[in-house]
A.B. asks: 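So that we are looking at the same thing, I have put the structure below in structure tokens.
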Amino acid sequence: MLRGFWRQDSPGGGGRAGIDEDPLRAHMQLERFGVIVTRGEKWRAHQDYETIFQSALDAIDQRFSLVPEGFVSMPTTIVDEPGCPEVDYETEPFLLARTCVTNAQYQKFVDSGAYEDLEIWPESIWPHLIGFQDLTGKAGPRFWRGGRHDPSRSDHPVVGICSYEAATYAAWAGFRLPTEAEWQMAASWRIRTSAHVFRRYPWGDSHDPRRCNTWASGKGGTVPVGAHTEGAAPNGVLQLIGNVWEWTSSDFEVTDEKGRPVVGDMLLKSIRGGAFDTYFSCQATSHFRTGLACLARPHNVGFRCVLDAGRRGN
Amino acid sequence: MGWMQAEPNDPQLRCMICDALNTVDVVVCSECSAPMALVHDSVTQGRAPQIVSVLGDSNVGKTVYLGFLLDMLSQRANEFEAIPKGAYSVDMQQNVVASMTQRTFPAKTAMEPDRWHWAYYQARKAGGRRSKWYDLVMPDLAGESLAAEIANPATYKVIRSLLGKSAGSMLLVDAALAANGATRPDFFALKMMSYIDSLFQTKRDAKVQTPIAIVLCKADHCPESFDDTRRFVQGSLNRLWNLCESRFATVEYFACSSVGSLAYATGADDDGLEFARPIPLHTSLQGILEPFEWLISRI
């Protein structure tokens, strides 16, 4: 009922040209694979259900990797030094996208009219939704123009989106954002074994600017999400370190060294991994914690999706 | 080289900042408190360095900007090559890097000139036709001292001498404050540029030729200043814009930021007073090198 109520003149609004009228096919076309495999039951009577369901499963298998159960320790103070207070989290197995969401993938979200569909956004964010514009005033990521991404950057991570846009995209596609603990588990690969191995970086313990895109790599901007395969985690997940910071679903809650709360001008969400302009290598690691205003839409923060392991293919 | 040694066989050295004569064994100039190590090093180099002054109001971020700039240069960013002359030149960047990795801002620069950090670097852009070396002296001036000198010229002789001899300047302006409608950044910048204008005493219809980079700091707080810096200055720093248009021949506008995310530790101090201590959660450098690159291509 709410569709079309919000800014009908927006590009993407009513801009569903080229999208299949058949809902199940449209979901496949828009790469809402998570919706198909987790909520596909309602289309069981569809003549192509089995084929489309299998295709969605195959896409998830290609694009996601299993992160086994594990545990992480996170400092609770702003000063992360040996001996500082920490809290431990156990993490369940989950499927993590091997790459961040690209501009091309996010374009499908914009083209579907998602920015005009209030129902998919948290009600608390409705007053801000009108501000989620690109450089030309159209709905979409901050650095796009005319509701479109730069075609030369189709395979780069989408940036210029706030935490709500990231979370809403993930939910729209049938996924979710990783929690901060899950992200750290995926990057540090800390599996409960007799060794309790903890990786400072997905590839090992030494910073290597050739394995990731940070300031020291000298690229000066984002690179395609498939680059730096040499920096992959053991399960093939790429670019957990560098290229873009990644939004998580967790609030960023820490204290200073004297236990006083650290707050921002607005709610801070946890971001992880560092970006192409992260200057200090110690801030682009599997365990470095930082936060960003939940409504910030910077040039160096993207996101990747998660699917609970138990939900794939059920 | 005459400005270095007063007379042949004269053991006195002339301060490169204020031209005062000093005995060779003094640490800082007796007149302006500039470190005499600068003179000793330039004598060793056999050439006079050029002065690049970094100006701005208190708390605008001059020390952080300059520290990161020097650190980036010494890491050969953008194919720059920079070599510190004298260990004292490294102090400022080390101080900034150490502080920011610990998520604290460096301590405020003291008002006393003998406690300022001075950096003396040789820098060049590698390769190409413009690969000449620049000998640069870049002091970290205290904002309060600048304000005092602007308000009462000749309060800080060293500042007057420095700006009079600067081959180029970078004027840092708080873009976040300006975007919030505060007039202080505009007025401070206006005063600073007016001061520089008066230093050169050009004729009414002649413009100051010294290149000046207007650098909008903390621009991550107002992304529109990155999108169109000139438009932002015209809109939010209109007094500064108008003066630059009227009186300065070589001005360019830049936006930069160094703090990726800012938070505050809140609570009460040991005396029970409420406070909010700013904490740079992480560092993301944007636009630091561009003003410098533009400036040295014009000096």
Side-chain angles (χ1 to χ4, degrees), chain A residues 77-81 133-136 142-143 145 160 209 214-218 220-221 244-245 252-285 288-294 296-301, chain B residues 64 67-69 71-72 74-80 93 96-104 176 180 218-224 226-228 231 255-270 273-290:
Chain A
T77 65
I78 206 72
V79 180
D80 178 12
E81 290 176 342
Q133 298 178 344
D134 66 17
L135 291 171
T136 60
R142 211 181 86 71
F143 303 101
R145 290 182 180 277
T214 59
W215 185 88
S217 312
V244 288
W245 292 97
F252 181 66
E253 293 175 335
V254 294
T255 66
D256 72 359
E257 61 280 7
K258 292 187 176 177
R260 295 172 293 213
V262 171
V263 299
D265 292 332
M266 64 176 76
L267 173 69
L268 297 174
K269 301 297 281 190
S270 167
I271 58 171
R272 287 302 200 107
F276 65 86
D277 57 357
T278 298
Y279 192 64
F280 300 125
S281 61
C282 65
Q283 294 185 348
T285 68
F288 179 77
R289 299 187 70 201
T290 188
L292 187 64
C294 58
R297 308 174 83 216
H299 63 293
N300 59 356
V301 184
Chain B
V64 171
F68 274 129
L69 172 64
D71 200 52
M72 292 171 87
S74 60
Q75 293 198 56
R76 296 191 172 180
N78 274 22
E79 297 181 337
F80 270 106
Q93 73 188 75
V96 168
V97 166
S99 296
M100 297 297 280
T101 52
Q102 291 296 309
R103 293 172 151 175
T104 58
N180 285 339
K218 307 172 189 176
D220 54 313
H221 287 267
C222 45
E224 62 274 18
F226 271 118
D227 298 340
D228 190 338
R231 185 173 173 182
C256 79
S257 69
S258 53
V259 176
S261 182
L262 188 67
Y264 301 89
T266 56
D269 63 17
D270 295 338
L273 298 172
E274 295 287 321
F275 74 95
R277 174 168 58 93
I279 295 176
L281 290 178
H282 61 267
T283 298
S284 292
L285 300 183
Q286 260 192 298
I288 303 289
L289 280 173
E290 286 81 351

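These numbers come from the heavy atoms of this one structure, side chains and all, not from hydrogens, waters or symmetry mates. Within every chain, numbering begins at 1; the chains are lettered A, B, ... in the order of the sequence lines, protein sequences first and strands thereafter.
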A.B. asks: If you measure from CD on B:Q102 to CD on A:E257, what distance do you get to the nearest 0.5 Å?
C.D. replies: 10.0 Å
A.B. asks: With side chains defined as the heavy atoms from C-beta onward, is the minimum distance between A:T278 and B:H282 less than 4.5 Å?
C.D. replies: no
A.B. asks: List the atom of A:F288, the atom of B:L281, and the distance in Å for their closest heavy-atom pair.
C.D. replies: CZ-O, 3.5 Å
A.B. asks: Side-chain contact test, heavy atoms from C-beta onward, threshold under 4.5 Å: evaluate it for B:F226 versus A:H299 and give yes or no.
C.D. replies: no
A.B. asks: Using every non-hydrogen atom in the two residues, find where A:D256 and B:R277 come nearest and quote the distance to one decimal.
C.D. replies: OD2-NH2, 3.3 Å
A.B. asks: Show every donor-acceptor pair shorter than 3.5 Å between a side-chain atom in residues 264-273 of chain A and any protein atom, with sequence neighbours excluded, or say none if there are none.
C.D. replies:
residue, atom, partner, partner atom, Å
A:K269, NZ, A:S249, O, 3.0
A:K269, NZ, A:D251, OD1, 2.8
A:S270, OG, A:E180, OE2, 3.2
A:R272, NE, A:E180, OE2, 3.2
A:R272, NH1, A:Q184, OE1, 3.2
A:R272, NH1, A:S286, O, 3.1
A:R272, NH2, A:E180, OE2, 3.2
A:R272, NH2, A:Q184, OE1, 2.6

A.B. asks: Sort out for me which of B:S258, B:A276, B:S284 touches chain A most, counting heavy-atom pairs under 4.5 Å.
C.D. replies: B:S284
A.B. asks: Considering only heavy atoms, which portion of B:L285 lies under 4.5 Å from any heavy atom of chain A: side chain, backbone, both, or neither?
C.D. replies: both
A.B. asks: List the atom of B:S261, the atom of A:G291, and the distance in Å for their closest heavy-atom pair.
C.D. replies: OG-O, 2.7 Å
A.B. asks: With a 4.5 angstrom heavy-atom cut-off, is it the side chain or the backbone of A:Y279 that approaches chain B, or both, or neither?
C.D. replies: both
A.B. asks: Tell me which of these, B:D220, B:T104, B:T283, B:V97, has more heavy-atom pairs under 4.5 Å with chain A than the rest.
C.D. replies: B:T283
A.B. asks: Select, from A:N300, A:T255, A:V263, the one with the greatest count of heavy-atom pairs under 4.5 Å involving chain B.
C.D. replies: A:V263
A.B. asks: Can you tell which of A:Q283, A:R297, A:K258 has the highest number of heavy-atom pairs within less than 4.5 Å of chain B?
C.D. replies: A:Q283
A.B. asks: Which atom pair, heavy atoms only, marks the closest approach of A:D277 to B:Q286?
C.D. replies: OD2-CG, 4.4 Å
A.B. asks: Under 4.5 Å from any heavy atom of chain B, what part of A:P298 do you find: side chain, backbone, both or neither?
C.D. replies: neither
A.B. asks: Inspect the contact between B:D227 and A:R142 and indicate whether a charged nitrogen and a carboxylate oxygen are less than 4.0 angstrom apart.
C.D. replies: yes
